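First comes the structure, then the notes that go with it.
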Amino acid sequence: MPLRVTFVAAARSTSLLAERFEDDQPLDQAGWDEVQRVVPDLLPLAAAELRYCSPTPRSRTTGDALGYAPLVQLALRDCAMGRWRGLTLGEAMAREPAAVDAWLADPLATPHGGESLLDFITRVGDWLDTRPLGDGDRIVAVAEPGVIRAAVVYALKAPPSTYWNIDVRPLSTTTVTGRGGRWNLRLEGTSVQPTRM
């Protein structure tokens, strides 16, 4: 049986309009309130054999609040943004517009002095590929939205530019199934029976 890795996006720590690169702030009040509302829906994921999280306070706190008691995985940290760490995209653009344009256009670019988009996607993909290979293992990982976007790009073997077209909302879930370099995106939801005419 394939591995089943379900990513849970960390609850928010700041207004979504002010997302900061490598945000390491704790959950804000709205984030706490959102976690409390979704606990009944996401608590069943605590039955996973392995439970992990990104090293950020918001990922760890989200995982603990959901009852997962996750283990921190450094490989699940957000993209290293160098001197842009703590800035919003708008703030980085205001300071270094040409550098931001180069970074958005080229997945190998590192104008901020941090990690390239391609290196980030590869790091997250390597983490996926090195998960234990026991039959039927279920894994849950609470991570930053960027980490989940990178995992989806890697799983689909999509071009790195696809990263910019994926929207991951706080406390959403994304599941990939497979193992070692062969992953599938799994979309789940309630099944709707067709209406007979």
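Values in this document were obtained by computation on a predicted structure and should not be read as measured data.
- Under a hydrophobic-cluster definition in which Ile, Leu, Val, Met, Phe, Trp and Tyr are linked whenever side-chain heavy atoms come within less than 4.5 Å, directly or via other members, V124 and V153 are assigned to the same cluster.
- Counting heavy atoms from C-beta on, the side chains of T62 and Y68 never come closer than 4.5 Å.
- With hydrogens and angles ignored, the 3.5 Å screen pairs a side-chain donor or acceptor of E49 with a backbone N or O of R138.
- No continuous path of ILVMFWY side-chain contacts below 4.5 Å connects L187 to V140, so the two sit in separate hydrophobic clusters.
- Side chain of T162 to backbone of P159: a donor-acceptor contact under 3.5 angstrom is found.
- V38 and V8 fall within the same hydrophobic cluster, defined by Ile, Leu, Val, Met, Phe, Trp and Tyr side-chain heavy atoms under 4.5 Å apart, directly or through other members.
- The two residues L76 and A141 make their nearest non-hydrogen contact at CD1-CB, 4.0 Å.
- S59 places no side-chain N or O within 3.5 Å of a backbone atom of T56 that could act as its donor or acceptor partner.
- Here L117 contributes atom CG and T122 contributes atom OG1; the two are 9.0 Å apart, rounded to the nearest 0.5 Å.
- For the pair V147/F120, a side-chain contact is recorded, criterion being any heavy-atom separation below 4.5 Å from C-beta on.
- Using a 4.5 Å cut-off on side-chain heavy atoms (C-beta onward), L45 and L66 make no contact.
- Here the side chain of R83 pairs a donor or acceptor atom with the backbone of P111 at under 3.5 angstrom.
- In this structure, the side chains of I139 and R51 stay at 4.5 Å or more apart for every pair of heavy atoms.
- For the pair F21 and D78, the minimum side-chain heavy-atom distance is 4.5 Å or more.
- Here CG of L89 is found 6.0 Å from CG of L104. Values are rounded to the nearest 0.5 Å.
- Annotation: cation-pi geometry satisfied between R149 and Y163 (NZ/CZ under 6.0 angstrom from ring centroid, within 45° of ring axis).
- Note that the CD1 atom of I121 and the CG atom of D126 stand 12.0 Å from one another [nearest 0.5 Å].
- Here the CG-CZ distance, from L27 to R60, works out to 11.0 Å after rounding to the nearest 0.5 Å.
- With D33 as reference, Q29 is the one residue of Q29, R37, Q36 to meet the side chain to side chain donor-acceptor pair (under 3.5 Å) rule.
- Going from atom OG1 of T174 over to atom CG of L185 covers 7.0 Å, rounded to the nearest 0.5 Å.
- In terms of heavy-atom proximity, D64 sits nearest to A69 at OD1-CA, 3.7 Å.
- For the pair V176 and F7, the minimum side-chain heavy-atom distance is below 4.5 Å.
- Across all their heavy atoms, R12 and A30 have their closest contact at NH2-CB, 3.0 Å.
- Taking both residues in full, the closest heavy atoms of P107 and S116 are given as O-CB, 3.4 Å, listed atom of the first, atom of the second, then distance.
- In this model, a donor atom of one side chain and an acceptor atom of the other lie less than 3.5 Å apart for T6 and T175.
- Under a 3.5 Å cut-off, the side chain of T110 and the backbone N or O of G113 do not form any donor-acceptor pair.
- At least one donor-acceptor pair under 3.5 Å links the side chain of E91 to the backbone N or O of T88.
- Contact detail for A65 and V39: the closest heavy-atom pair is O-CG2, 3.9 Å.
- W84 contributes atom CH2, which lies 11.0 Å from atom CZ of R95 (distance to the nearest 0.5 angstrom).
- L50 approaches Y52 most closely through the heavy-atom pair CD1-OH, 3.6 Å.
- Put simply, the side chain of T61 gets close to the backbone of P57: a donor and an acceptor are under 3.5 Å apart.
- Cluster annotation: L171 is not connected to V152 through the hydrophobic network of ILVMFWY side chains, with a link wherever side-chain heavy atoms come within less than 4.5 Å.
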side-chain contact (heavy atoms from CB on, under 4.5 Å) between W183 and L156, worked out: CA-CA 7 Å; W183 296 97; L156 296 177; over 6 Å; no
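- Side-chain contact between H112 and V100 is absent, with no heavy-atom pair separated by less than 4.5 Å.
- In this structure, the side chain of K157 engages the main chain of G181 through a donor-acceptor pair within 3.5 Å.
- W164 has its ring centre less than 6.0 Å from the ring centre of W103.
- A cation-pi arrangement is absent between R123 and Y154 under the rule of less than 6.0 angstrom and at most 45 degrees off the ring axis.
- Between R77 and S54, the closest side-chain pair of non-hydrogen atoms is not below 4.5 Å.
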Check against side-chain contact (heavy atoms from CB on, under 4.5 Å), E115 and M81: CA-CA 6 Å; E115 188 174 27; M81 296 303 291; over 6 Å; no
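- V35 and I148 fall into different hydrophobic clusters, defined by Ile, Leu, Val, Met, Phe, Trp and Tyr side-chain heavy atoms under 4.5 Å apart, directly or through other members.
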